[in-house]
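Remarks on the structure that follows.
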Protein chains: 4
Amino acid sequence: MSIKNKPTNQKELSFIEKARRSQIVEYAIETIAELGYSQASLGQIAKRAKVSKGVISYHFANKEELLEQIAIEYYLAWQAYTTPLIEAQKSPKEMLRVYIESNLKFVYKNQKHVFAVIELGSNLRTADGKLRFAKEHDETVLLPIENILTLGMQEGIFREFTKQSARVMALTIRNAIDGFTIELMRNSQFDVQEYSNELVTIFERATKK
Amino acid sequence: MSIKNKPTNQKELSFIEKARRSQIVEYAIETIAELGYSQASLGQIAKRAKVSKGVISYHFANKEELLEQIAIEYYLAWQAYTTPLIEAQKSPKEMLRVYIESNLKFVYKNQKHVFAVIELGSNLRTADGKLRFAKEHDETVLLPIENILTLGMQEGIFREFTKQSARVMALTIRNAIDGFTIELMRNSQFDVQEYSNELVTIFERATKK
Amino acid sequence: MSIKNKPTNQKELSFIEKARRSQIVEYAIETIAELGYSQASLGQIAKRAKVSKGVISYHFANKEELLEQIAIEYYLAWQAYTTPLIEAQKSPKEMLRVYIESNLKFVYKNQKHVFAVIELGSNLRTADGKLRFAKEHDETVLLPIENILTLGMQEGIFREFTKQSARVMALTIRNAIDGFTIELMRNSQFDVQEYSNELVTIFERATKK
Amino acid sequence: MSIKNKPTNQKELSFIEKARRSQIVEYAIETIAELGYSQASLGQIAKRAKVSKGVISYHFANKEELLEQIAIEYYLAWQAYTTPLIEAQKSPKEMLRVYIESNLKFVYKNQKHVFAVIELGSNLRTADGKLRFAKEHDETVLLPIENILTLGMQEGIFREFTKQSARVMALTIRNAIDGFTIELMRNSQFDVQEYSNELVTIFERATKK
DNA sequence: AATGAATGAGAGTTCATTCAT
DNA sequence: CATGAATGAACTCTCATTCAT
């Protein structure tokens, strides 16, 4: 029962319906992880879910809604996991360390999901050709890092950052984390803890006064 | 005059034929830059090149060969530009700085081409579902950075790196550079020199003893 | 309680069941009036009726039966309304006038229903591709007009008609009435009385001795 | 080579391309005549044309364009045939007679095409649910009849008509002609000449002073 | 008596590829 | 050399129908 069929808002989706959608989302993630964004057709997703293609159309208005749901579920789970850990820290330096560590741990535990969202981030476009999640990504993912940097600078723990240089720093940190996801999916035999320690080292050095 | 039509090796391609292929490659880059990998059909490429789709099939055995040619031309141009500059440096520290600077300059001057190759790197897959350029990318792009790091370590200029940690460092540097390309394509108003300086600062701090 | 579920004849349909079917028929008419025959899916009908698609399948053996029911209810209501009025007239001329007037009045009062039946008449086909209601339409709708014409001819009030020319006359009259329905649905600002008078004028002139 | 692929205007379509489109239009007409509007899928059309569905998509941007082409070709042929005959007449009475006769002759010679256009007229809708050809039909088909009526009235040959009553008259005449097409398609054994004479009789009586 | 879930066929459309000219 | 034409498979999406609950 897609939004199209139920024009009321999402809150009215039944518990069972939510669960069914989540199951399909799970298979969609699986499919993207296995075949990549451009080969992940509804047919392939349905095949993995062992249902007919029609089932997906029944639960989602269209493919776009399904793909967006992947991102929505991701952001919710990601924030629920990382934000409390980061906010529990006292100093910006600790916050940065925990940001990196919690993110890598989250990635490790949700490899396929994170990979799928990265694929969507770089491939899913709106009708006018623009990347669908560009803006959301900036606001949800980059801003928190920039805030930590600003805080550390104000407290005199981090070096000076202009608005521009803070953005470069944030991008570099985020790219390093996403890069770990890609490596994981390639079956590189990386140890999370090790990778985590390395990134912490790199960015503590890069930010300290 | 595709490989299919001329089963002899590439050296036999006439000068004119090479030029024609290069022109088509140029439009393919243009198309990927504009529409992204998954919307870049042969039809769209042909449209931009103002030729029929058949022309592309005539000059390339199939779509894959065309896309691979984009990467081949990229690697040649990239190496021709960056390698001499890097090798002209005396110390590993200078080499790292010039690696970053020359790469960002190259990206700036070849935005669309670099962007296209990044798209291919994360999307183009072989029949068995594996990323087509994964191995080449490691050997061509990551190894040189790792070599600089090893050299700097041996000379006592850089801190200690294990094989694993050097790989993490190299990946982080490379991801930072590719991230600049993405930002450029998004029309972020970044200044190359400024971005370059920031990355140099970050990675000099991250590598120094 | 479809025919399929109750293989006995229709007379056994309970009062409640009949009412339920009538409600669904009403929404089917609504839907055809709004979207036209080819867009009037069971889903759209169910949506307007605020029930699930399954309900329709429960009460009707299949879509065809539902659509036929629209026509059945129409013919019953149409005959109940027009026949007494026409038969109350003494002369064929009066009968023809009242035929036109009562039909236009009926159309005006049942715009959507009449429109839906016209849509069905020209679109609903049997498995072998023939129009489903062609024969019924001839016998139920055209014959009465032809009878009036024959009567008027026998009484020396109307001009001579052969079997063929009476059929042409009947068709022309009927097409004029159906045409009024179409115009009404297009929101043409026609006055029923005016349209009625015009048609009476036209066909009194066309039939008189 | 559809309009979509060739964004230049229609005048640039080659002679061969025009011919090919016309052939496909011919099969589309055939299909609508046989199956009716709502069963006339691209698959059925392609089947009759003995080509793949892709061929139709190659020559027409979409199904809508193909269907519109049916109407375009119809209007051109219809006007080319009927207009000169009608304009050659001296009196409005003769014009009306020739209008009916030439239209019925045209219908007889182009049964399937005319039938297809009638189907499109009553079924093809725009995205907002309105009948696609309603306005064109009024202007192209009804107006000329109204003009004849007005002329006849001014010359004192026809009875008085208000704007509204002229429209009713025009609609009635047109519906009678379209009705003939439907009868022909039903294989009714009507003689064109006879049907023609009947309609002329009806409408000469209906219009005369 | 009704529903929500699922199906599978078929719709229109896109696209890489082939090939006669 | 290049084209226009055609193919056929795969795509997303719609829909009438079935059925367990």
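Convention: sequence-line order gives letters A, B, ...; per-chain numbering from 1.
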C:Glu26 vs C:Glu30 side-chain heavy atoms within contact, under 4.5 Å | no
Check: E:dG8 base within 3.5 Å donor-acceptor of A:Lys53 side chain | no
Return the value, rounded to whole Å, for the distance between atom CD1 of D:Ile45 and atom P of E:dT13.
-> 11 Å
Distance in angstrom units between B:Tyr37 OH and E:dC15 P, rounded | 13 Å
Looking at every strand, decide which applies to B:Ile16 at a 4.0 Å heavy-atom threshold: base, sugar-phosphate, or nothing.
-> sugar-phosphate
Does any non-hydrogen side-chain atom of C:Glu119 lie less than 4.5 Å from one of D:Asn123?
-> yes
Sidechain-backbone polar pair: D:Glu65 side chain, D:Phe60 backbone, donor-acceptor under 3.5 Å | no
Whole-Å distance, B:Leu66 CG to E:dC15 C1', equals 15 Å
Spacing of C:Phe60 atom CZ relative to E:dA1 atom C1', expressed in whole Å | 15 Å
If we ignore angles and hydrogens, is there a donor and acceptor under 3.5 Å between the side chains of B:Arg125 and A:Gln39?
-> no
Would you say a side-chain N or O of D:Tyr58 is under 4.0 Å from OP1 or OP2 of F:dA6?
-> no
Ranking A:Gly43 and C:Gln44 by the position along DNA chain F of their nearest nucleotide, the one closer to 5' is A:Gly43
What do the steps show when you test A:Lys112 against A:Glu34 for salt bridge (Lys or Arg N to Asp or Glu O under 4.0 Å), and what is the final call?
-> CA-CA 9 Å; A:Lys112 291 179 180 176; A:Glu34 197 174 321; over 6 Å; no
Within this structure, what is the CD1-to-C1' distance between A:Ile56 and E:dA5, rounded to whole angstrom?
-> 14 Å
Taking CG from D:Asn62 and P from F:dT12, how many angstroms apart are they, rounded to a whole number?
-> 20 Å
What is the pairing partner of E:dT21, taking Watson-Crick or G-U wobble pairs with both distances under 3.5 Å in any strand?
-> F:dA2
Take atom CD of A:Glu64 and atom C1' of F:dC13, then tell me their distance rounded to the nearest Å.
-> 14 Å
Whole-Å distance separating the CG atom of C:Leu35 from the C1' atom of F:dC15 | 14 Å
So what does D:Ser52 touch, heavy atoms closer than 4.0 Å: a base, only the sugar-phosphate, or nothing?
-> base
Pair assignment for E:dG8, Watson-Crick or G-U wobble, requiring both distances under 3.5 Å = F:dC15
Note: for B:Lys50 and A:Lys63 on DNA chain F, the residue whose nearest nucleotide lies more 5' is B:Lys50
Among E:dA2, F:dA16, F:dT17, the one nearest any side-chain atom of C:Val55 is E:dA2
Among F:dT12, E:dT18, F:dT17, the nucleotide that comes nearest once only the side chain of B:Ser57 is considered = E:dT18
Among F:dT12, F:dA6, E:dA1, which is the nearest nucleotide to the side chain of A:Leu42?
-> F:dT12
Report yes if at least one side-chain N or O of D:His59 is closer than 4.0 Å to OP1 or OP2 of F:dG4; otherwise report no.
-> no
Ranking D:Gly54 and D:Gln39 by the position along DNA chain E of their nearest nucleotide, the one closer to 5' is D:Gln39
Between D:Arg20 and F:dA6, is there a side-chain N or O to OP1/OP2 distance below 4.0 Å?
-> yes
Would you check if D:Tyr27 and D:Lys50 make a side-chain contact, meaning some heavy-atom pair closer than 4.5 Å?
-> no
